[in-house]
A.B. asks: 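Mind looking over this structure? Questions follow.
Positions are given from 1, in the same order as the sequence printed here. When reading the values below, keep in mind they use all heavy atoms of this one structure, side chains included, and skip hydrogens, waters and symmetry mates.
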Amino acid sequence: MFRKKECVAMLLAGGQGSRLMSLTSKTAKPAVGFGGKYRIIDFTLSNCVNSGFDTVGVLTQYQPLFLNDYIGSGLPWDLDREFGGVKILPPYQGKKRADWYRGTANAIYQNMEFIEGYDPEYVLILSGDHIYKMDYSKMLEYHKEKGADCTIAVIDVPLSEASRFGIMSVDESGRIYKFTEKPKQPDSTKASMGIYIFSKDKLFRYLTADAADKGSSNDFGKNIIPAMLKNGEKMIAYPFSGYWKDVGTLGSLWEANMDLLSDPSILGDESWRIYTRHSPSAPQFIGEGAILENSSVTEGCEIYGRVENSVLGAGVKVMRGALVKDSVLFSGVFVDEGARVSRAIVDSDAHIGENSTVEGERDNIAVVESGFRVEVGKNFQDLREER
């Protein structure tokens, strides 16, 4: 028997993340590493608990094994609750369903029974692939004050980048009167952050109608939001001005890691911590003669070479004469003597051989997949072309 909750959070974490290439070949996008010791999903889960939202459904689908194991009971985020807490919600076969989630709206539709079990007045819809800190309780208060049917978090983006986002046109009262998905000629710079608060009854009504429409893509941006606007529902934009990054591409993931080196507050402070499942590694060790400049180095690392402007995960080893520059190295990476790694993302447990080279270009980040060995004296680009 569930207890009533004012608001239930539903975290969409089932996307394939194909634009992250080999980083998501065996791992769901929200479980990809970030900032040396975190996973992308840590930010959304931490935002939930810091905001006072203690009931979170995590909707998984693609490569869910590691993500499910990582979240576990929710203990690292204080979401191991007897009533509420975090619940993994994969697709499953039932009387009314026997297929994969067909879109973001369909994923929520298939879990209406879970939501209804807590009898909430509101439903918070979140994505598991963004880096940001946000107090959802303030957004909920804004939703209630405005008497909205749906509130959408928006962030101002440069006009030159607006065509990459779903763009909201808003009047002086904050009411949304137009929504365009990735417009070629945007008339606004207010981009949807993929964070929605719905009044539950209204949400269920539109989800049910959408599920009955065989021509629908079953997507919030393509179907639910346009349908609500068309019918004159009260749609409100909630302005957000903090740091926010969609890390759905290799370039944006690399950029977000580099942002940490100029703004450590992205990872939180005493009033807004980002929680994670900790590694039991030993403290980091910086060897004699090692050079460490403007870099983030996690526990268990051993540095004997040179590391510049880089983010290193747990247990990374950089040997004498090696150089790691402008790069992101996931846990367990070994960089042997004389090797050079530049403008790269190196996945966990990869081995960069002695005197070998991994170098990305200005607009093309080099990516080394998990467990890959770059042979002694080889250039990774040459090995990749041979494959």
Side-chain angles (χ1 to χ4, degrees), residues 20-23 25-27 32-39 247 250-251 253-262 264 267 278-387:
L20 290 179
M21 299 172 64
S22 63
L23 299 181
S25 61
K26 297 180 181 179
T27 304
V32 169
F34 179 79
K37 63 183 293 183
Y38 302 93
R39 303 283 170 174
V247 289
L250 289 172
L253 179 64
W254 180 84
E255 289 171 1
N257 275 276
M258 295 299 104
D259 288 343
L260 299 179
L261 302 177
S262 58
L267 292 179
H278 291 286
S279 165
S281 302
Q284 60 183 243
F285 177 78
I286 311 300
E288 185 178 356
I291 298 175
L292 188 63
E293 296 183 358
N294 192 43
S295 296
S296 175
V297 180
T298 312
E299 63 264 29
C301 288
E302 296 180 22
I303 311 299
Y304 304 95
R306 187 182 187 106
V307 178
E308 300 178 11
N309 203 54
S310 295
V311 177
L312 275 54
V316 169
K317 293 180 174 57
V318 180
M319 307 311 288
R320 299 184 192 282
L323 170 65
V324 176
K325 182 177 181 180
D326 300 329
S327 295
V328 181
L329 275 55
F330 289 10
S331 63
V333 170
F334 185 90
V335 183
D336 213 336
E337 295 185 3
R340 179 182 177 89
V341 180
S342 178
R343 293 187 69 82
I345 299 176
V346 184
D347 206 347
S348 57
D349 301 316
H351 185 113
I352 313 302
E354 186 176 348
N355 296 319
S356 61
T357 303
V358 178
E359 288 187 294
E361 301 171 354
R362 180 173 182 177
D363 298 318
N364 187 18
I365 302 300
V367 181
V368 181
E369 65 189 75
S370 177
F372 188 81
R373 294 182 66 88
V374 180
E375 298 173 15
V376 173
K378 293 287 187 177
N379 184 308
F380 175 66
Q381 180 63 33
D382 295 339
L383 291 174
R384 187 162 53 182
E385 291 174 355
E386 289 174 7
R387 296 171 70 196

A.B. asks: Quick check: does any side chain N or O of R343 sit under 3.5 Å from a backbone N or O of E361, one acting as donor and the other as acceptor?
C.D. replies: yes
A.B. asks: What heavy-atom pair brings G313 and C301 nearest, and what distance separates the two atoms?
C.D. replies: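 So the minimum-distance heavy-atom pair works out to O-SG, 3.0 Å.
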A.B. asks: Taking G35's backbone N and O only, do any of them form a donor-acceptor pair with N257's side chain (distance below 3.5 Å, no angle check)?
C.D. replies: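 Yes; judged by distance alone, with no hydrogens or angles, the pair exists.
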A.B. asks: Please check if the side chain of T298 supplies one atom and the backbone of L312 the other of a donor-acceptor pair under 3.5 Å.
C.D. replies: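 Indeed, once roles are kept as given, a pair shorter than 3.5 Å links the two residues.
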A.B. asks: Can any side-chain N or O of S348 pair as donor or acceptor with the backbone N or O of G332 at less than 3.5 Å?
C.D. replies: no
A.B. asks: Taking E369 for the side chain and S22 for the main chain, is one N or O donor matched with an acceptor at less than 3.5 Å?
C.D. replies: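 No; zero donor-acceptor contacts below 3.5 Å.
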A.B. asks: Between the main-chain N or O of K325 and the side-chain N or O of S327, is there a donor-acceptor pair closer than 3.5 Å?
C.D. replies: yes
A.B. asks: Going from CD1 on I303 to CD1 on I291, what distance comes out if it is rounded to the nearest 0.5 angstrom?
C.D. replies: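 Going from the CD1 atom of I303 to the CD1 atom of I291 covers 12.0 Å.
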A.B. asks: Any idea how F285 and Y304 line up, ring-wise: parallel (<30°), tilted (30 to 60°), or perpendicular (>60°)?
C.D. replies: tilted
A.B. asks: Mark yes or no for whether S331, through its side chain, and A314, through its backbone, hold a donor-acceptor pair below 3.5 Å.
C.D. replies: no
A.B. asks: Give a yes or no answer on whether the side chain of S25 reaches the backbone of L23 with a donor-acceptor pair at less than 3.5 Å.
C.D. replies: no
A.B. asks: With the side chain counted from C-beta on, respond yes when T357 and Q381 share a heavy-atom pair under 4.5 Å apart, and no when they do not.
C.D. replies: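 Answer no - side chains too far apart.
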A.B. asks: Within this structure, what is the CG-CG distance for the pair N309 and D326, rounded to the nearest 0.5 Å?
C.D. replies: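 Here the rounded value is 5.0 Å.
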